[in-house]
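Worksheet for the structure shown next.
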There are 2 protein chains.
Amino acid sequence: MRSELTEKQRRILDFIVECISDQGMPPTLREIAQHFGMRSVRSVQTHLEALERKGAIRRLIGKSRGIEVIGQARRRERGIPVVGQIAAGRPIPAVEDVQEVLNLDVWFGRDERPFALRVQGDSMIEAGILNGDLVIVQPQSMVQPGEIVVAIKENEATVKFFMMKENQPWLVPANARYRSMPLGEGQIVGRVVGVVRRVKHSLHNLQEILHRRETDGQARSAQ
Amino acid sequence: MRSELTEKQRRILDFIVECISDQGMPPTLREIAQHFGMRSVRSVQTHLEALERKGAIRRLIGKSRGIEVIGQARRRERGIPVVGQIAAGRPIPAVEDVQEVLNLDVWFGRDERPFALRVQGDSMIEAGILNGDLVIVQPQSMVQPGEIVVAIKENEATVKFFMMKENQPWLVPANARYRSMPLGEGQIVGRVVGVVRRVKHSLHNLQEILHRRETDGQARSAQ
DNA sequence: AAGTATAGCATACAAATATACGGTTGTCAA
DNA sequence: TTGACAACCGTATATTTGTATGCTATACTT
């Protein structure tokens, strides 16, 4: 759909999105004309008509700044495009096809008020949850076995797998160096629906992995 | 600052924020008047003047819909609160102290146009990047050893650790079952600055971890 | 050759919109 | 009482803005 757009039309659409993003509202026709050095509103008109015809925007008739960008890049002004393919040989990674726009609000249904919790420790490392990660928690008291949950036990919040053992609820870490424990008096706070991590640069991670591999290799050759 | 606002002024400010959030642009004076059943724009004028005087908004003179909401609650309409402590014994997990508001845009400086890429395979599993995860990629051609990078090699995008070996760039997986490979003709697309995962519910993960632990335990007792 | 889409120009006009000036009615503190 | 607000109404005016017409030129398709 967006591929049908002309270069000019695409640039105008980008400008509209940029305006919404930067100054909080769509531009007027004249602001668009001015930005592109056009001396006539008519030019902008035809472009907007084309954009509307191609389904890229919707226009609120009569309203000032009545331009609404349709599609994924809709109202949430900023998002990170999720690409399906990136092509080699392009100057800057050319976004081949934008599959969706990454946005936390949309991802984790914002309606039910989730919250984020910073993970301390490596008890869930085998589930891909590292020390320092943020887990997105959906508050709920009922959870299913196999779900990753946040529970409060002895006044401390912990992230663990949830499972039933002998009809009793248990909290199971994803790290062989930790032990499972019964939920007991603890209470389920919610279910982990997402993980967000900001990757920090440190040689440490790589070195640790290489080291582990070496020792692993030695162990194998020793056997 | 907001506490100085009148009830009416606060409601008008809320309406403005709501408009920006819902229809993507601030309201006109008349839209505000209509919403509150006022029959004169003048009333809205005085309210906006008061709001501006009290520092809640800024006005772009002459511009239609030229209202800009100032302050934290500005344009980032929605975010997920990151909590430091959640308390036991509260009806709904009481957010004790909100440390920050999770927002992808803020987290991964949006200015430099990062994009997201869905990871296929488990070659980075030891770095906590699982199959299906989204990695946030900051486009750049120069990277440091130890950084997780996205590279294109043989027309395929891969996520790997980057390192120098014998003065040559190498791509190193975080999974002992995969092999390192020289970058060779491949090219660096960018650096992984973040990981975002939507946790799917499946017993599989837990079962796999429990199974691994069992076999691990047997191996230990065998030694 | 005719039609259609793109990309411009210029101009006119009506509707939308912000702004300005003046007035009324309360409340509250000095 | 006076003064300073808050919260309204009404009206007038200038500006902004969307919409409507008409024109030129190029490229492409049928």
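Order of the sequence lines sets the chain letters (A, B, ...), proteins ahead of strands, with each chain counted from 1. What you see is a predicted model, and the numbers here were worked out from it, not measured in a lab.
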Heavy-atom closest pair, residues Leu117(A) and Ala157(A) | CD2-CB, 4.3 Å

Nearest-angstrom distance from the residue atom CZ of Arg10(B) to P of dA6(D) | 16 Å

Phe161(B) and Ala174(B) have their tightest heavy-atom pair at CE1-CB, 3.9 Å

Checking Arg118(A) side chain against Gly132(A) main chain: does a donor-acceptor pair fall under 3.5 Å?
-> yes

Mutual orientation of the aromatic rings belonging to Phe15(A) and His35(A) [parallel < 30°, tilted 30-60°, perpendicular > 60°] = parallel

What is the distance from CZ of Arg11(A) to C1' of dA7(C), rounded to the nearest Å?
-> 13 Å

How many angstroms lie between CD in Glu126(A) and CD in Glu126(B), if you round to the nearest 0.5 Å?
-> 11.0 Å

How would you label the contact of Ser64(A) with the nucleic acid (heavy atoms, under 4.0 Å): base, sugar-phosphate, or nothing?
-> sugar-phosphate

Would one find a side-chain N or O of Thr6(A) under 4.0 angstrom from OP1 or OP2 of dA5(C)?
-> no

Assign each of Lys8(B) and Gly62(B) to its nearest nucleotide of DNA chain D by heavy atoms, then name whichever residue's nucleotide is nearer the 5' end.
-> Lys8(B)

With 3.5 Å as the limit, what N/O pairs link the protein to nucleotides 21-25 of chain D?
unit_1  : atom_1 : unit_2   : atom_2 : d
dT21(D) : O4     : Arg42(A) : NE     : 3.0

Glu49(B), CD atom: more than 12 neighbouring heavy atoms under 6.0 Å = yes

Leu29(B) CG to dT19(C) P: how many Å, rounded?
-> 7 Å

Interatomic distance, Arg59(A) CZ vs dA15(C) C1' [rounded to whole Å] | 14 Å

dT17(C) C1' sits how many Å from Leu60(A) CG, rounded?
-> 16 Å

Looking at Lys63(A), does any N or O in its side chain come under 4.0 Å of the phosphate oxygens OP1/OP2 on dT16(D)?
-> no

For dA6(D), does either OP1 or OP2 sit under 4.0 Å from a side-chain N or O belonging to His47(B)?
-> no

Ile67(A) side, atom CD1; Ile12(A) side, atom CD1 - distance, nearest 0.5 Å | 9.5 Å

Check Ala127(B) against Leu130(A) and note the closest heavy-atom contact, atom names and distance.
-> O-CD1, 3.6 Å

Could you state the atom-to-atom distance from CG of Leu13(A) to P of dT6(C) in whole Å?
-> 14 Å

Evaluate the side-chain proximity of Val159(A) to Val137(A): yes if any heavy-atom separation is below 4.5 Å, no if none is.
-> no

Over all heavy atoms of both residues, which pair between Val69(A) and Ile20(A) is shortest? Give the atoms and the distance, please.
-> CG2-CD1, 4.1 Å

Rounded to whole angstroms, how far apart are CD on Glu7(A) and P on dA27(D)?
-> 18 Å

DNA chain C contacts made by residues 31-40 of chain A, counting heavy atoms under 4.0 Å = Met38(A), Arg39(A), Ser40(A)

Take atom CG of Leu51(B) and atom P of dC5(D), then tell me their distance rounded to the nearest Å.
-> 16 Å

Do Arg30(B) and dA18(C) share a donor-acceptor pair, side chain to base, under 3.5 Å?
-> yes

Phosphate contact (dA6(D) OP1 or OP2) by Arg53(B) side-chain N/O below 4.0 Å = yes

Select base, sugar-phosphate, or nothing to describe what Ser43(A) touches, counting heavy atoms under 4.0 Å on all strands.
-> base

